[in-house]
Protein chains: 2
Amino acid sequence: MARREKYKFPKPTIERLSYYFRALEDLSKRGIDTVSSDALGTKLNIKSSQIRRDLSYFGDFGKRGMGYDVKFLLKELRYILGLDREWPTIVIGAGNFGTAMAHYSGFKKRGFDVKAMFDIDKDKVGSKENKVPTLHMNDLDKFIKENKIEIAMICVPETAAQEVTDQLIKNGVNGILNFAPIALKHDKEIRCLSVDLTTKLEAIAYYMSYSKDKLWKIFS
Amino acid sequence: MARREKYKFPKPTIERLSYYFRALEDLSKRGIDTVSSDALGTKLNIKSSQIRRDLSYFGDFGKRGMGYDVKFLLKELRYILGLDREWPTIVIGAGNFGTAMAHYSGFKKRGFDVKAMFDIDKDKVGSKENKVPTLHMNDLDKFIKENKIEIAMICVPETAAQEVTDQLIKNGVNGILNFAPIALKHDKEIRCLSVDLTTKLEAIAYYMSYSKDKLWKIFS
DNA sequence: TAGATTGTTAATCGATTAACAATC
DNA sequence: TAGATTGTTAATCGATTAACAATC
């Protein structure tokens, strides 16, 4: 089938494409140049039919009887995921967490280039101990424009998150990864994804405290 | 309806219960003692019927015509989520990210009490600059037993994550929150949840690079 | 050709939602 | 009582999966 356009696919598909991409990178590094959906599925704990279905939303990448060419599929997924370019990124909030995010090498490797951290605390501004510079929030608007920032990670306390979001959007940042535990209100045209770490731990606590006294079950 | 037992519910429900809990805490703090599913839904961007359905899996908490008693529902959700106790927790990997996790006050507030960080790097061990002590991996087994550790956060590089997981499970830790970008293999009886931060940024990149040349759409 | 593995379909499974009787 | 809002049902919507014809 020719590459499909305007075709809809399930939301979880994009996340799985990321997993496929990473697994293929690993295979490529190990000198493997062909892989079947079955082998890839075993590696990732994902059903082979799921993998074939996910890929088929975007094109015909395999060869019947042969599987997928690792390097070719990598190139295609890189294009689909938008990883064939650099994404100028900033981090708002230079606390423990923001600093960790700014220096995480996994982001850089994928083209997410953190240009600076921002904070309202003057003591944090200008710090030389980190590779990524820390600037004052007063300089945010100017910096975004001059460096054509497209993506921001919000690592500020809950109380400041909405205000920061508004400021980012006003300055044309339209990709936001939010770590503050709050549902941000925003214009539909921007891409905002929230990661709520406390909620994850709470889910674990739920499952662990599940006992004879609490017999609720979850589906499947 | 009396509290239902052995009733199954959708997987996303638990995560939403966390959001309800947090929103109710906020209402309680502001002195509001009754809330309708509609008001709660507006606050959280969740449909009121979804909220009522989620809650109904666990019991009858509301009063028709009146809504929900905030304090009562908080107490019930605290019990359901297992937040009515302390969870002795450790962090494996004392890098930027692990240190940030160990010191995040939001976890402590919910009963996730981080007792120590562990690392193989002797330079990091014994550091006094942090409130949470850093110990050497050699002391892990003993520490887990002596402190009855139940939950661990894995903040080590991808290459070490599986080995660490095996060691944790062998020592009886059965709640794991994994931040290494790898699908951990483990016994079905433990509760393991992975958070893949790179994948989240990649999803944003996908949506942002969506353009005239790339007309794939997602459902809804 | 025979064997392998794709791409696609149709069936199944799971989750959300609107609607409304019940009832405070 | 009249109005409000729950708890629950049934319908709809979305996602996964097994199965298999197509084809390398």
Side-chain angles (χ1 to χ4, degrees), chain A residues 1-5 7-17 19-20 24 27 32-70 72-73 76-77 80 203 216-220, chain B residues 1-5 7-17 19-20 24 27 32-70 72-73 76-77 80 203 216-220:
Chain A
M1 194 201 70
R3 176 167 286 172
R4 306 198 216 196
E5 298 199 348
Y7 206 93
K8 292 192 164 194
F9 54 87
K11 264 178 275 187
T13 292
I14 281 295
E15 190 168 339
R16 285 193 298 263
L17 292 187
Y19 297 143
Y20 305 158
L24 288 162
L27 292 173
I32 294 161
D33 43 39
T34 283
V35 71
S36 67
S37 57
D38 199 58
L40 195 59
T42 301
K43 192 174 160 75
L44 288 167
N45 271 324
I46 293 176
K47 294 227 160 43
S48 64
S49 54
Q50 176 86 81
I51 294 177
R52 294 198 300 279
R53 192 97 166 73
D54 282 340
L55 295 175
S56 76
Y57 290 115
F58 298 92
D60 280 3
F61 302 123
K63 285 213 178 12
R64 286 162 202 246
M66 309 295 287
Y68 299 87
D69 182 277
V70 171
F72 174 69
L73 188 49
E76 293 290 311
L77 287 177
I80 292 166
W216 311 298
K217 297 210 169 109
I218 60 160
F219 284 135
S220 86
Chain B
M1 194 201 70
R3 176 168 285 171
R4 306 198 217 196
E5 296 200 349
Y7 207 92
K8 293 193 162 194
F9 55 86
K11 263 178 276 186
T13 291
I14 281 294
E15 190 169 337
R16 284 192 298 262
L17 292 188
Y19 298 143
Y20 304 158
L24 289 163
L27 293 174
I32 294 163
D33 41 39
T34 283
V35 71
S36 68
S37 58
D38 199 57
L40 195 58
T42 302
K43 192 173 159 76
L44 288 166
N45 270 325
I46 293 177
K47 293 225 162 42
S48 64
S49 53
Q50 177 86 79
I51 295 177
R52 294 196 302 277
R53 192 92 164 79
D54 282 339
L55 294 175
S56 76
Y57 290 116
F58 298 93
D60 279 2
F61 303 122
K63 286 214 176 17
R64 288 166 200 243
M66 308 295 287
Y68 299 86
D69 182 276
V70 171
F72 174 70
L73 189 50
E76 293 291 311
L77 287 177
I80 292 166
W216 312 297
K217 296 211 170 108
I218 60 160
F219 285 136
S220 84

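Everything numeric here is computed off the predicted structure, so don't read it as measured data. Basis for what follows: all heavy atoms, side chains included, without hydrogens, waters or symmetry-related copies. Numbers restart at 1 for each chain; the letters A, B, ... are given by sequence-line order, proteins then strands.
Here the CG atom belonging to Leu73(A) is positioned 10.5 Å from the OH atom belonging to Tyr20(A), to the nearest 0.5 angstrom. Atom CD of Glu15(A) sits about 10.5 Å away from atom OG1 of Thr13(A), to the nearest 0.5 Å. Taken to the nearest 0.5 Å, the CG atom of Asp54(A) stands 10.0 Å off from the CG atom of Leu77(A).
The two residues Leu24(A) and Val70(A) have their closest heavy-atom pair at O-CG1, 3.6 Å.
Comparing the helix axis at one end of the helix from dG3(C)-dC24(D) to dC24(C)-dG3(D) with that at the other, each defined from 5 consecutive pairs, gives an inter-axis angle of 10° (nearest 10°).
Between Gly62(B) and Asp54(A), the residue anchored closer to the 5' end of DNA chain D is Gly62(B), taking for each the nucleotide with the nearest heavy atom.
The side chain to side chain donor-acceptor pair (under 3.5 Å) test applied to Lys47(B) returns no partner, not counting sequence neighbours. By the side-chain contact (heavy atoms from CB on, under 4.5 Å) test, Lys63(B) pairs with Met66(B), sequence neighbours left out. With sequence neighbours excluded, the residues forming a side-chain contact (heavy atoms from CB on, under 4.5 Å) with Ser48(A) are Ser37(A), Asp38(A), Arg52(A), listed by chain and number. Qualifying side-chain contact (heavy atoms from CB on, under 4.5 Å) partners for Asp33(A), counting only residues two or more places apart in sequence or in other chains: none. Partners of Tyr68(A) under the side chain to side chain donor-acceptor pair (under 3.5 Å) rule, at least two apart in sequence or in another chain, do not exist in this structure. Partners of Asp69(A) under the salt bridge (charged side-chain N to carboxylate O under 4.0 Å, His left out) rule, at least two apart in sequence or in another chain, do not exist in this structure.
The stretch residues 36-44 of chain A touches DNA chain C through Ser36(A), Ser37(A), each having a heavy atom within less than 4.0 Å of the strand.
In this structure, Lys47(A) atom NZ and dA15(D) atom C1' are separated by 13 Å, rounded to whole Å. Spacing between atom CD of Glu15(A) and atom P of dG14(D) amounts to 19 Å, rounded to whole angstrom units. Glu76(B) has its CD atom 12 Å from the P atom of dG7(D), to the nearest Å. The NZ atom of Lys8(B) sits 20 Å away from the P atom of dT8(D) (whole-angstrom rounding). dA15(C) atom P lies 8 Å from atom OH of Tyr57(B), rounded to whole Å. Spacing between atom CD1 of Ile51(B) and atom C1' of dA15(C) amounts to 16 Å, rounded to whole angstrom units. Between the CG atom of Leu55(B) and the C1' atom of dT16(C) there is a distance of 15 Å, rounded to whole Å. In this structure, Ile46(A) places its CD1 atom 14 Å from C1' of dA15(D), rounding to the nearest Å.
One donor-acceptor pair, N or O on each side, does fall under 3.5 Å between the base of dT17(D) and the side chain of Arg53(A).
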Quiz prompt | Contact letters for nucleotides 19-24 of chain D, in which S counts primed atoms plus P, OP1 and OP2 and B counts the base, heavy atoms under 4.0 Å | solution = B-BBBB
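Closest approach to the Gln50(B) side chain among dT17(C), dT9(C), dA15(D) is made by dT17(C) (side chain taken as heavy atoms from C-beta onward).
For Trp216(B) and Phe58(A), the gap between ring centers is short of 6.0 Å.
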